[in-house]
Visitor: 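Next up is a structure, given as structure tokens.
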Amino acid sequence: MLRNNYFGETKTHYKLYKCGKNWAVMGISLFSLGLGMLVTSQPVSADVTATSTSSSAVRTDAISASSSSAAKAETTSASSSSAAKAETTSASSSSAAKAETTSASSSSAVKAETTSASSSSAVKAETTSASSSSAVKAETTSASSSSAVKAKTTSASSSSAAKAETAAITTAGVANADSQTSAEVTADSTSTSQVVTNNSNNQNNTAQPAGNSTSTTQSTNQANSQISNQGQLNQFATGFVNRAISEGANVDPNNFTQAQIDALNKLEKYSTTKKNTDTTQFTYYQFQQTADKLAEVDPQYAIPYFKADQIQNLPAATAKDGQTGKVANMDIWDSWPVQDPTTGEIVNWNGKQLVIAMMGTPNANSNHLYLLYNDYGGDNFAGWKNAGDIFAGYRGDKKTGLEIFDDQEWSGSAYPLDDGSIQLFYTHSKYETKTINHQNHQRIATANLKMKLNADGTISIASVDNDHTLFKGKDNASANGTHYQTFDQWAHNVTMFNGHKEDFGGADNFAMRDPHIVKDSQGNRYLVFEASTGDDDYQSEDQIYDLRNYGGNAKFQLESLFNLINNDYSVKDKVTGKMIKIGRDMRVRASQANAAIGIIKLGGTENNPTVAEVYDPIISAVMVSDEIERPDIVKIGDTYYLFAASRLNRGTNDAAWRKANDKVGDNVVTLGWYSKDLTKGFKPLNGNGVVLTSTVPANWRTATYSYYAVPTRSTDPRFKNTVLITAYMTNRNRVADYRNKDGKAVLDPDFIQENNGEHNSTWAPSFLLRVNPDGTTRVLPYVTNQGVWDFNNATKLNTNIMTAKADEAYLPWEKGVPFDNGSILGSGQDWVDSMPSDPYTPTAPTAPTAPTAPTAPTAPTAPTAPTAPTAPTAPTAPTAPTAPTAPTAPTAPTAPTAPTAPTAPTAPTAPTAPTAPTAPTAPTAPTAPTAPTAPTAPTAPTAPTAPTAPINPSQPTTPTKPVQAGQAAATNFVDQRLPQTGETDQQHMTLSGLLLLAMSSLLGLFGMTKRQRKE
């Protein structure tokens, strides 16, 4: 019985123990469930938050897909409608946001480091454009069903694609690298909508590479359209085009031809190569301004009108021609005085002034140097005498002592030496026939002239010594010239276009001539001369794509570039009314043009000089003009003023000089620059280089050219800061003797004799030009006799030879005579009407009337004695201020009531001792894992259910939700508002959690009690 009872008791105890254990397990389970439901928290991910109005997902460093758009910046994220990238906060409906940017937009894309707000736009710093319903990608590629846009140089619109440095593919197409599909976008720029770069242009400007600019809107002619052709442009070209459009260029990039696109894409290569900064560029824009000023007959630059019937041939030009050996009425043109090389003043050589000039029989190709002289300081035109051909007997035919036509001497300069001799610098030219381009082989030469003053007061040349070539442009051992083009370089140069040799009748000129001697204050001798640029900046088609040659703003540059490359570019002929194609001619001329003003330093002795140093050109007109000639320098104060003559029809802007011809009938000008340094740093006078412009047609008796400036010696304050402008008048080969016969220009000898004989080239009246210290100039209405070189206090002004009427500036038969501009200027222009269009005539100012003697001022009336001021009334004594009432003593503040002691918190009830856990059963050996089946494609996560509204936060919080294994611990911002979302991390207790917690406690206690009772 006892054994049975024992076993019975034991068995009963065991069952009761198991029953109590069940209750405890149930209680612990309910306790855990209640604890899990006790708290709820708003999930927060630090540093990233995105919300969307239409079911969005926020994810970093994850990849998924979207049905409408994708946004990525070093990662890809998606949702059913939008995606947001890390380090960015964005709110949008159907939008994409990129890193480090804050943006709000409806259907927009935003890229890094930029702030933008737009409807249907894209903004990218460093380059970007926009689209509606688009995707933005940085440093990788993204694609969607509508569009893809690549950052760093990209833009897209609905159904378009852009690529820069990588590829982006859409359903519509692909745009080329380094380009945008919407107007221009360049590095470091910001754009909204279609992109147009603002202009920050300088005048001379050198094209400025696109960048570092902000663009806001497209110009009106490009608004609301994207540029499909611009996808073929590189970044530099894109920026350039947009600047031009923003400045009003009338172009449509959608209609760019392939030739235009190819030309634009060459700009970066040729506009960024290194150039010598010591050389001043005469730009295409300055050429245009010069032509415009000529056509306007602007009085600041316009040469005065002269009465044609007052002009005489130079008597001294009737002499023996050194080439023909016959006495003839010779033409006289390029001339220069013997000057002091430091001051530029005319030298007094034994009481004489000396001038060297080019002279020759008309239409005989006779071009040689003659020595002329007059009394020093004199202005008598008839007083000039001719000492004869300088080189006759020293060069040419030794038997006859005559010169030959293919061995000539051209312009130069001269100065006296201490021994009384004259050191001459001149151009030695020989006609070459064994070259591709048959032209004159020019080189700079020098000779020492010994002269004799005869007893009768005449001068003769005693000897020519040390005559030798000084400089041919070659400055090193190479065959080519580095700084200046040599004749061999030029003669074997072949201009190629599209694989074909181009030859435009000698439009490509070679120049190594017109040396002008200058001494600086230290006695160093220099020669300034006309030249052509050498290998350092050589002529070629490449020069057309160098924006630095253009000057002006981007609008001017773009339009000029397109004109130069357009073979069909045409202008209207004034006479026939027909359109003349000039584009091809302009393009070839621009490829060949390389005029320059050079400078070299001399060594050796003064009567036998050598070249000591070769400098870079001080002026270059590469791509702009092929001829800027006869440079001379006048020093005023501490500034060197450089003047040079030019015919605009030697330039490459045919439309500009043709316009000048149509308005005036000629296109000759003087250009000018100034600098304090003789070898570099020259700036254009008047800001554009224009100094003098012609005012009459080239076939008139009063037409002038070959302007040469010399300083004045007058002390009259009216002539302060002036130079005297000398020139020859009447173009050579009897152009002024042609008359109109049956609509043709005819040279009739009988008619010439009936009208006072031949009208040859002669010296013009000289006139004054004011040169202001601020770098501006103005033509003054002060004119001298013909052939005045030394303007001094005794020089007379000739008011009878100048006129205000254009109708007095031509001979009766010259008006309306058609002439071939090409026969005079070598331009090949068609016959044109020689009558200028209402030219301006500067009027000579009337002599000021002597001012009337001022009337003696009446003696001022003596002022009345001032009345003594009344004594001021003594001020009333101020009333003593009433004593301030003593302030009432402040009532002592009542002592603050002692705060009630906080009630001590009730001691927490001791938790019931946990039941000892049963020993864990030994784990079963793990079964070998089966080979994993291929994972099924993950289903898109369902959007999380909206959390229940939190209960009153005053309720006590429960411990935070434990972090799952493998997850990073989330940062809890308790009762703190997060800056990313505005949400709080406050924990909330739910009613269901409390109820379950209570029930689990009761069940646990019930189980324990029952166990004890059984025991």
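The structure displayed is predicted, hence computed values, not measured ones.
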Visitor: Is the shortest heavy-atom distance from the side chain of Tyr301 to the side chain of Val669 under 4.5 Å?
Guide: no
Visitor: Does atom NZ (Lys352) have a neighbourhood of more than 12 heavy atoms from anything else shown, all under 6.0 Å?
Guide: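 Yes, the 6.0 Å shell around NZ holds more than 12 heavy atoms from other groups.
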Visitor: Taking C-beta and beyond as the side chain, do Ser714 and Asn792 meet within less than 4.5 Å on heavy atoms?
Guide: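 Contact flag for Ser714/Asn792 side chains = no.
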Visitor: May I ask you to decide whether Asp807 forms a salt bridge with Lys805, counting only side-chain N to carboxylate O separations under 4.0 Å?
Guide: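 Looking at Asp807 and Lys805, the cut-off is not met.
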Visitor: Report the residue from Ile390, Leu369, Leu470 that forms a side chain to side chain contact (heavy atoms under 4.5 Å, CB included) with Tyr426.
Guide: Leu369
Visitor: Determine whether the side chains of Asn731 and Asn733 contain a donor N or O and an acceptor N or O closer than 3.5 Å.
Guide: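 No.
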Visitor: Can you label the angle between the His441 ring and the Phe510 ring as parallel, tilted or perpendicular, going by 30° and 60°?
Guide: perpendicular
Visitor: Less than 4.5 Å apart, side chain to side chain, heavy atoms only: is that true for Leu648 and Asn661?
Guide: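 No, every pair of side-chain atoms sits at 4.5 Å or beyond.
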Visitor: Taking atom types as modelled and ignoring hydrogens, do the side chains of Gln592 and Asp508 form a donor-acceptor contact shorter than 3.5 angstrom?
Guide: no
Visitor: To the nearest 0.5 Å, how far apart are CG in Leu768 and OG1 in Thr784?
Guide: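 Rounded to the nearest 0.5 Å, the CG-OG1 separation comes out at 8.0 Å.
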Visitor: Any side-chain heavy atom of Tyr370 within less than 4.5 Å of one from Ile332?
Guide: no
Visitor: Does a salt bridge link Glu345 with Arg713, judged by any charged N lying under 4.0 Å from a carboxylate O?
Guide: no
Visitor: We want to know whether Asn798 and Gln310 form a side-chain donor-acceptor pair, criterion being a heavy-atom distance below 3.5 angstrom.
Guide: no
Visitor: Restricting to side-chain hydrogen bond (donor to acceptor under 3.5 Å, both in side chains), what partner residues turn up for Asp292, sequence neighbours left out?
Guide: Gln288
Visitor: Using 30° and 60° as the class boundaries, would you call the ring planes of Phe306 and Phe767 parallel, tilted or perpendicular?
Guide: tilted
Visitor: Does any part of the side chain of Trp490, heavy atoms only, come nearer than 4.5 Å to the side chain of Met512, both counted from C-beta?
Guide: no
Visitor: Mind checking the CG-CZ spacing from Asp379 to Phe791? Nearest 0.5 Å is all I need.
Guide: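 Spacing of CG (Asp379) from CZ (Phe791) equals 9.5 Å.
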Visitor: How are the rings of Tyr526 and Tyr615 set relative to one another: parallel (under 30°), tilted (30 to 60°) or perpendicular (over 60°)?
Guide: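 Judged by the thresholds at 30° and 60°, the geometry between Tyr526 and Tyr615 is tilted.
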Visitor: Check each of Val347, Leu354, Val355 against Pro337 using the side chain to side chain contact (heavy atoms under 4.5 Å, CB included) test, and report the only one that passes.
Guide: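 Looking at Val347, Leu354, Val355, the match for Pro337 under the side chain to side chain contact (heavy atoms under 4.5 Å, CB included) is Val355.
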Visitor: Is it true that Thr777 and Asn686 share a donor-acceptor pair across their side chains at a distance under 3.5 Å?
Guide: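 Their side chains do contain a donor-acceptor pair, which is all the 3.5 Å distance test asks for.
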Visitor: Under 6.0 Å between ring centres: does that hold for Phe471 and Phe529?
Guide: yes
Visitor: Identify which one of Tyr376, Tyr373, Trp763 satisfies the ring-ring contact (aromatic ring centres under 6.0 Å, His included) criterion when paired with Trp789.
Guide: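 Testing each of Tyr376, Tyr373, Trp763 against Trp789, the sole residue satisfying ring-ring contact (aromatic ring centres under 6.0 Å, His included) is Trp763.
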Visitor: Consider ring-ring contact (aromatic ring centres under 6.0 Å, His included). Of Tyr305, Tyr810, Tyr738, which one does Trp700 pass it with?
Guide: Tyr810
Visitor: With the threshold set at 4.0 Å, does a side-chain nitrogen-carboxylate oxygen contact exist between Asp514 and Arg630?
Guide: no
Visitor: State, yes or no, whether a side-chain contact exists between Val783 and Ile801 at a heavy-atom distance under 4.5 Å.
Guide: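 Answer yes - side chains close enough.
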Visitor: Can you tell me how far the CZ atom of Phe287 sits from the OG atom of Ser646, to the nearest 0.5 Å?
Guide: 7.0 Å
Visitor: Nearest 0.5 Å, please: how far is CD1 in Ile636 from OG1 in Thr343?
Guide: 12.0 Å
Visitor: What residue among Ile633, Val691, Leu671 forms side chain to side chain contact (heavy atoms under 4.5 Å, CB included) with Phe643?
Guide: Val691
